[in-house]
Amino acid sequence: MSSIQRQASSGSDGSATVVDERKRKRMLSNRESARRSRMRKQKQLEDLTGETGRLQMAINQIQQSINAKEQAYIQVESANNVLRALAMELTDRLRSLNSVLQIVEDVSGLSVDIPEIPDPLMKPWQLAYPVQPITASADMFLN
């Protein structure tokens, strides 16, 4: 830089003008580059802010969906518990009735066919009841 200034001070007025013109162009170029850089950063910030808003909305929707699924699960689990209790009660009643039939058979001498009651806890992989299709609509889980 000092050599340029020496040339400008020792040389003619034309070379100083060339150096000043270069300096001015470089300053303008730097200013324009800085302005573009600031605009890029501003656009990136706006894009990220918009993406944050979209993601937050998606999170809220997913959270609502999770809450709805949890409520549906709780309802189904509750109904399942009621059905299990009912099945246990009916099994106990059937055993009781079978024991009454056994007593009647022993006392009267008549032969009564008493089917064996399967214990679902002993062989959980074997179904105690015939398989029946379960019909459900897809929208029952969406509420």
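Residues take their numbers from the sequence shown, with the count starting at 1. We use all heavy atoms of the structure for the numbers below, so side chains are in, but hydrogens, waters and symmetry mates are not. Note that the structure is predicted; figures quoted are calculated from it, not measured.
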Distance-only donor-acceptor check, side chains R84 and N81, under 3.5 Å: yes
R93: salt bridge (charged side-chain N to carboxylate O under 4.0 Å, His left out) partners, not counting sequence neighbours: none
Under the salt bridge (charged side-chain N to carboxylate O under 4.0 Å, His left out) test, residues paired with E89 that sit two or more places apart: none
Non-neighbouring partners of E32 that pass side-chain hydrogen bond (donor to acceptor under 3.5 Å, both in side chains), sequence neighbours left out: R35
Nearest-0.5 Å distance, OG of residue S37 to CD of residue Q42: 11.5 Å
Hydrophobic cluster of L90, others only, ordered by chain and residue number, side-chain cut-off 4.5 Å: L86
Set of side chain to side chain contact (heavy atoms under 4.5 Å, CB included) partners for N30, sequence neighbours left out: R26
Flag, side chain of T52 to backbone of L48, donor-acceptor distance under 3.5 Å: yes
T49 side chain vs L45 backbone, donor-acceptor pair below 3.5 Å: yes
Salt bridge (charged side-chain N to carboxylate O under 4.0 Å, His left out): pairs with one or both residues in residues 37-46, sequence neighbours excluded: K43-D47
Residues clustered with I66, ILVMFWY side-chain links under 4.5 angstrom: I62
Set of side-chain hydrogen bond (donor to acceptor under 3.5 Å, both in side chains) partners for Q63, sequence neighbours left out: N67
R22: side-chain hydrogen bond (donor to acceptor under 3.5 Å, both in side chains) partners, not counting sequence neighbours: none
Under 3.5 Å: donor-acceptor pair, side chain of T91, backbone of A87: yes
Partner set under side-chain hydrogen bond (donor to acceptor under 3.5 Å, both in side chains) for Q61, not counting sequence neighbours: none
Salt bridge (charged side-chain N to carboxylate O under 4.0 Å, His left out): pairs with one or both residues in residues 53-67, sequence neighbours excluded: E51-R54
Cluster companions of I103 among Ile, Leu, Val, Met, Phe, Trp, Tyr (side-chain spacing under 4.5 Å): V107
Gap separating the CG atom of N98 from the CD atom of E105, nearest 0.5 angstrom: 10.5 Å
Interatomic distance, L28 atom CG to S33 atom OG [nearest 0.5 angstrom]: 12.5 Å
